[in-house]
There are 2 protein chains.
Amino acid sequence: MEASDIYKCIADTQRLRILNLLEAGPLCVCHLQELLDVTQVKMSKQLAIMKQLGLLASHREGTWMVYTLEEPTDGLLLSNLNYLREAECAECNQLQRDLLNRGKLILRITGNGEDCPEGVCQSANCC
Amino acid sequence: MEASDIYKCIADTQRLRILNLLEAGPLCVCHLQELLDVTQVKMSKQLAIMKQLGLLASHREGTWMVYTLEEPTDGLLLSNLNYLREAECAECNQLQRDLLNRGKLILRITGNGEDCPEGVCQSANCC
DNA sequence: ACAGTATATACTAAAATAAGAATATAGGTA
DNA sequence: TACCTATATTCTTATTTTAGTATATACTGT
């Protein structure tokens, strides 16, 4: 994978946020949608772009599609996620907030017995 | 400066190569042109984009315009340059070759007494 | 088979980016 | 002043990327 493909990908804030979230664990499309507050179509397209690029993998669980980072995860991507999580900028703060919101989302799902794909809550020991 | 601005910038291989070269020392437009083998117009536009973004600074020396990285250089940019210089990919190899060619260019300028802007060869102790 | 939920795709319109030719500016020198 | 070199800008066209609407598919439960 070429560096410029990675950069083109993460130059889009939404895609960067998605990758940041998935690095913390798998999520299905509807949860990503909720966390980023975007339409279904847009989320689906962004995920397709990144899957096509080889950054994401997905598997079906019932009607859900669960997305994960492709393994082994591209080193350049990881290096940037690590950098940004520590850095100070509007987007960096957003990434940090997203991770907090992910935690809350998973707690909520656990708490009220909402249905969710297996992998998602396994990663937080909740389902 | 937002991360996505940096990424959008370095998603273009030419701009990435320019930044990589300038990180090693100042260069004037015509030398950059020669090293990357692009037209004058294109080089000038790329430089203008990056100056506008706040990544580059320039000063005039006679008819030459000498470009340098803006100080302090953006940390995200540096982090990526460092990563890519050690990594293995077509673009990464190009960055390494560019640095070698920069060395040769400066030697040539020195060797045959070609005129060049002060800063350029100072950075290689040649003028 | 039918309805409902989650997700993906196709098609179209709008917006942003890049590429090239021509032209302009700025400084140096005869 | 006139010419030369280096560089920047403008304008036009082509290409790529994004956004939205509508529609399709895949699975689940009745």
Side-chain angles (χ1 to χ4, degrees), chain A residues 2 4-18 21-22 26-53 55-68 105 109 114-121, chain B residues 2 4-18 21-22 26-53 55-68 105 109 114-121:
Chain A
E2 283 305 304
S4 55
D5 293 326
I6 302 279
Y7 292 137
K8 227 176 290 175
C9 179
I10 63 181
D12 180 288
T13 305
Q14 270 177 16
R15 288 193 291 260
L16 178 63
R17 290 175 66 191
I18 294 169
L21 282 165
L22 293 181
L27 284 171
C28 67
V29 182
C30 59
H31 292 150
L32 282 168
Q33 241 177 278
E34 178 180 341
L35 287 166
L36 269 74
D37 190 30
V38 294
T39 64
Q40 185 266 314
V41 173
K42 196 162 182 202
M43 179 56 70
S44 193
K45 277 184 194 168
Q46 298 283 38
L47 292 168
I49 289 170
M50 292 190 279
K51 190 173 173 188
Q52 167 89 14
L53 237 181
L55 287 176
L56 297 187
S58 65
H59 67 274
R60 182 175 281 279
E61 274 185 46
T63 62
W64 290 303
M65 287 295 287
V66 179
Y67 280 83
T68 54
L105 173 74
I109 293 172
E114 264 180 56
D115 253 6
C116 88
E118 269 203 45
V120 172
C121 295
Chain B
E2 284 303 304
S4 55
D5 293 326
I6 303 279
Y7 292 137
K8 227 175 290 176
C9 178
I10 62 181
D12 180 287
T13 305
Q14 269 176 15
R15 288 193 292 259
L16 178 62
R17 289 175 67 192
I18 294 168
L21 282 165
L22 293 181
L27 284 169
C28 67
V29 182
C30 60
H31 292 150
L32 282 167
Q33 241 176 281
E34 177 178 341
L35 286 166
L36 270 73
D37 189 29
V38 295
T39 64
Q40 185 266 316
V41 173
K42 195 162 186 205
M43 180 55 71
S44 193
K45 278 184 192 169
Q46 297 283 39
L47 292 169
I49 289 171
M50 293 189 279
K51 191 174 173 187
Q52 167 88 15
L53 237 181
L55 286 177
L56 298 186
S58 64
H59 67 273
R60 181 175 282 281
E61 276 185 45
T63 62
W64 290 302
M65 286 297 286
V66 179
Y67 280 83
T68 54
L105 173 74
I109 294 172
E114 264 178 57
D115 252 5
C116 87
E118 269 204 47
V120 173
C121 294

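In what follows, every heavy atom counts, from backbone to side chain, and hydrogens, waters and symmetry copies are set aside.
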Considering all heavy atoms, the nearest [X]-[Y] contact:
X	Y	answer
B:Glu61	B:Val66	OE2-CG2, 3.9 Å
A:Ile18	A:Leu36	CG1-CD2, 3.8 Å
A:Leu56	A:Lys51	O-CG, 3.6 Å
A:Asp5	A:Leu53	CB-CD2, 3.6 Å
A:Ala11	B:Lys8	CB-N, 3.7 Å

Nearest-angstrom distance from the residue atom [atom1] of [X] to [atom2] of [N]:
X	N	atom1	atom2	value
A:Leu56	C:dT7	CG	P	14 Å
A:Gln52	C:dT9	CD	C1'	13 Å
B:His59	C:dA26	NE2	P	18 Å
A:Met65	D:dC27	CE	C1'	12 Å
A:Gln33	C:dT7	CD	P	7 Å
A:Arg60	C:dT5	CZ	C1'	11 Å
B:His31	D:dT7	NE2	P	8 Å
B:Trp64	D:dC4	CH2	P	19 Å

With five pairs defining each end axis, the helix from C:dA1-D:dT30 to C:dA30-D:dT1 comes out bent, to 10°, by 10°
Problem - Side-chain N or O of B:Tyr67 closer than 4.0 Å to phosphate OP1/OP2 of D:dA8 - result: yes
In Å, rounded to the nearest 0.5 Å, how long is the span from [atom1] of [X] to [atom2] of [Y]?
X	Y	atom1	atom2	result
A:Met65	A:Cys30	CE	SG	12.0 Å
B:Lys45	B:Gln14	NZ	CD	11.5 Å
B:Gln46	B:Gln33	CD	CD	12.0 Å

Taking C:dA8, D:dA8, C:dG27 as options, the one with an atom nearest any side-chain atom of B:Thr63 is C:dG27
Checking C:dT7, D:dT7, D:dA22 against the side chain of A:Val41 (C-beta onward), the nearest is D:dA22
Residues passing the ring pair (Phe, Tyr, Trp, His ring centres under 6.0 Å) test with A:Tyr7, sequence neighbours excluded, are B:Tyr7
* To do: Could you tell me whether the side chain of A:Gln40 has a donor or acceptor atom within less than 3.5 Å of a complementary atom in the base of C:dA6?
  => no
Nucleotide N/O of nucleotides 11-18 of chain C paired with protein N/O under 3.5 Å:
none

